[in-house]
Amino acid sequence: MIKNLKDLEKEINKRINKAMKENVQKEAKKTMQEKIVDEVYLAYEPSQYERSYELLNATETKMVNKNTLSLENTRHDGNKDVAKIIESGTGYDWEKSRIAQMQPFPRPFTEETKKSLENGKFKQALKEGLKSQGLDIK
């Protein structure tokens, strides 16, 4: 039961945290996976390897604290940060491949994910999460 402003703040923060875990986290991961398809897979067809789709499956989210979500792609090949190489477009080591010859060939899926979330997807997912808990969000 809410008796004062401190109780209200505590209840609102609890509901925001729940919406972050249940709605925003899923939307962030889905958005990054969509951007991987759009910015990476559709932008280039590999010439020296068979695509494994590991990049798509290496999208991870976690709550850093009650109100902060971390979203990253953890795709590595040994010590190589594959996600960083793809994002920057440099660091390919197949010298005769088309993509190595096109360097830099950035495919900024992380940056595009950030833009998409900032341009409304984050806010919409948070609103939906709060509405599902009975809050009237406009």
Here the gap from T61 atom OG1 to K30 atom NZ, rounded to the nearest 0.5 Å, amounts to 14.0 Å

Count the heavy atoms of every other residue, nucleotide or ligand shown that sit under 6.0 Å from NZ of K21, and state whether that count exceeds 12.
no

Check the pair L126 / N23 against side chain to side chain contact (heavy atoms under 4.5 Å, CB included), numbers first and verdict last.
CA-CA 6 Å; L126 183 60; N23 296 81; over 6 Å; no

Quick one: pull up CD in E34 and CD in E112 and give me the separation to the nearest 0.5 Å.
12.5 Å

Judged by atom type as modelled, is there a donor-acceptor pair below 3.5 Å linking the side chain of T31 to the main-chain atoms of E27?
yes

For the side chain of E72 and the backbone of E60, is there at least one donor-acceptor N/O pair under 3.5 Å apart?
no

Using the salt bridge (charged side-chain N to carboxylate O under 4.0 Å, His left out) rule, take R15 and E11 through it: C-alpha gap first, then chi angles, then the decisive distance, then the call.
CA-CA 6 Å; R15 291 182 187 211; E11 182 63 25; 2.8 Å; yes

Can you give each donor-acceptor pair under 3.5 Å made by side-chain atoms of residues 77-85, sequence neighbours left out, with the distance rounded to 0.1 Å?
from : atom 1 : to  : atom 2 : distance (Å)
K80  : NZ     : D93 : OD1    : 3.4
K80  : NZ     : D93 : OD2    : 3.1
D81  : OD1    : A83 : N      : 3.3
D81  : OD1    : K84 : N      : 3.1

Distance in Å, I36 CD1 paired with R107 CZ, rounded so as to fall on 0.5 Å steps
11.0 Å

Can you name the nearest heavy-atom pair linking S88 to P106, along with the distance?
O-CB, 3.5 Å

For the CG atom of N4 and the CD atom of E9, what is their distance to the nearest 0.5 Å?
10.0 Å

Of the non-hydrogen atoms in S70 and V64, which two are nearest, and what is the gap between them?
CB-CG2, 3.6 Å

Mind checking the CG-NZ spacing from L56 to K35? Nearest 0.5 Å is all I need.
14.0 Å

Near L5 CG, under 6.0 Å, is it more than 12 heavy atoms from other residues, nucleotides or ligands?
no

Pairs where residues 124-138 contributes a residue and the test salt bridge (charged side-chain N to carboxylate O under 4.0 Å, His left out) is met, not counting sequence neighbours:
D136-K138

Go through the steps for Q33 and V37 under the test side chain to side chain contact (heavy atoms under 4.5 Å, CB included), then give the verdict.
CA-CA 6 Å; Q33 289 173 329; V37 170; 6.0 Å; no

Write out all pairs satisfying ring pair (Phe, Tyr, Trp, His ring centres under 6.0 Å) with one or both partners inside residues 10-41, taking only residues at least two apart or from two chains.
Y41-Y53

NZ on K114 to CG on N119, rounded to 0.5 Å:
11.0 Å

Quick check: does any side chain N or O of T113 sit under 3.5 Å from a backbone N or O of F109, one acting as donor and the other as acceptor?
yes

Test side chain to side chain contact (heavy atoms under 4.5 Å, CB included) on M20 and M63 and set out the steps.
CA-CA 8 Å; M20 290 288 288; M63 294 301 297; 3.7 Å; yes

Closer than 3.5 angstrom, by distance alone: can the side chain of D7 be matched with the main-chain N or O of K3 as a donor-acceptor pair?
yes

Verify whether one side chain among T68 and N65 offers a donor that lies under 3.5 Å from an acceptor in the other.
yes

Is the backbone of T110 close enough, under 3.5 Å, to the side chain of N73 for a donor and an acceptor to pair up by distance?
no

